Protein chains: 2
Amino acid sequence: MNATFGQFIRTKRTTLQQAGQGYSVRGLASRLGIQPSYISKVEREEVAPPSEATIHKIAQELGENPDVLLALAGKVSEDLRQVILKRPVLFAELIRQLKDAPDHAVLRIVREVRDGNW
Amino acid sequence: MNATFGQFIRTKRTTLQQAGQGYSVRGLASRLGIQPSYISKVEREEVAPPSEATIHKIAQELGENPDVLLALAGKVSEDLRQVILKRPVLFAELIRQLKDAPDHAVLRIVREVRDGNW
DNA sequence: ACGAGTGTGTACTATTTAGTACACAACCTG
DNA sequence: CAGGTTGTGTACTAAATAGTACACACTCGT
């Protein structure tokens, strides 16, 4: 569970490969429109994780949560960045405030907002 | 109020320059440990905004909110990124949920959390 | 034994990022 | 009118980012 980006996608890919077809390094690479050797290097961490665009494609192909893959790559999704950038002070304060808040507290807020309690 | 990064810091710097001493391009540059010509280019947007580290120093020197300057430069503070990266799914959901929430709603949450209502 | 499929090694590259170093021209000031 | 101060123009650069292109070696089924 505490894998690096490379380890994580290799595990996922090989699992899918065993289960079916088309998840060899080549198969995945061709559907992503990139080079097999590059996938291989990413998986073994011979190089840094791919760009955000490529990570999104990988997430789609592997059926994984893009936010999780991006996080493993040390990146924050562009759409989240845009939300923060529009009201930087507000969101900065919120996020710093929630830094050490337990998961359930944050979840409660998510639910409250979703249910329109404002 | 809707200035670019360059315009914003030029305005701020020249204001400080008029009010006192040491806020010429050279003065600021030397206190930041960078080249005057670079400041000049940044202010006229001949080049992209500086790195996060440099923006933090600029914010300090100009007495501005770092999060605001970073936002004008299209960046999100590293410390906020780290908070999100530790719980990417949770924070992704929260932030997307709050995307269109009015300021006062977000502020209410900030206050609630600060006051320990969890 | 052979060809298809699999992963990997080697070498190279274009673009972006984040600046440096120094020279020049205009201005005002005593 | 010399000297400092100010902003800017020109030329260059090291490191990082995000890959490509192709060749090689192993294994497995027929």
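Keep in mind that the numbers below use all heavy atoms, side chains included, and drop hydrogens, waters and symmetry copies. Predicted model only: the values in this text are computed from it and were never measured.
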Side chain A:Arg108, main chain A:His104, donor-acceptor under 3.5 Å: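 Absent.
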Would you classify [X] as touching base, sugar-phosphate or nothing, given that sugar-phosphate means primed atoms plus P, OP1 and OP2, and contacts are heavy atoms under 4.0 Å?
{"X": "A:Ser40", "answer": "base"}
{"X": "B:Gln17", "answer": "sugar-phosphate"}
{"X": "A:Ile39", "answer": "nothing"}
{"X": "A:Ser24", "answer": "sugar-phosphate"}
{"X": "A:Gly27", "answer": "nothing"}

Closer than 4.0 Å, any side-chain N/O of [X] to the OP1 or OP2 of [N]?
{"X": "B:Arg10", "N": "D:dG7", "value": "no"}
{"X": "B:Lys75", "N": "C:dA18", "value": "yes"}
{"X": "B:Lys41", "N": "D:dA11", "value": "no"}
{"X": "B:Ser51", "N": "C:dG19", "value": "yes"}

Within one Ile-Leu-Val-Met-Phe-Trp-Tyr cluster: B:Val83 and B:Leu94, side-chain cutoff 4.5 Å: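 Yes: a chain of side-chain contacts under 4.5 Å links B:Val83 to B:Leu94.
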Calculate the interatomic distance between [X] atom [atom1] and [N] atom [atom2]; express it in whole Å.
{"X": "B:Arg26", "N": "C:dA21", "atom1": "CZ", "atom2": "P", "value": "15 Å"}
{"X": "B:Gln18", "N": "D:dT5", "atom1": "CD", "atom2": "C1'", "value": "15 Å"}
{"X": "A:Lys57", "N": "D:dG19", "atom1": "NZ", "atom2": "P", "value": "8 Å"}
{"X": "A:Arg13", "N": "C:dG7", "atom1": "CZ", "atom2": "P", "value": "5 Å"}
{"X": "A:Glu43", "N": "C:dT6", "atom1": "CD", "atom2": "P", "value": "13 Å"}

Charged N-O contact under 4.0 Å between A:Lys75 and A:Glu52: no
Nearest heavy atoms of B:Ala71 and A:Leu85, plus distance in Å: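 So the two residues come closest at CA-CD2, 3.7 Å.
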Residue met sooner reading DNA chain C from 5', once B:Tyr38 and A:Val25 are mapped to nucleotides: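 On the 5' side of the pair lies A:Val25.
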Shortest side-chain distance from B:Thr54, nucleotide among C:dT6, D:dT8, C:dG19: C:dG19
Side chain of B:Gln35 (C-beta onward), nearest among D:dA18, C:dT20, D:dT20: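 Among D:dA18, C:dT20, D:dT20, the one nearest the side chain of B:Gln35 is C:dT20.
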Residue whose nearest DNA chain D nucleotide is more 5′ - A:Ile34 or B:Glu46: B:Glu46
Residue pair B:Thr14 / B:Arg10, side-chain donor-acceptor N/O under 3.5 Å: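 Not at all, the side chains of B:Thr14 and B:Arg10 share no donor-acceptor pair under 3.5 Å.
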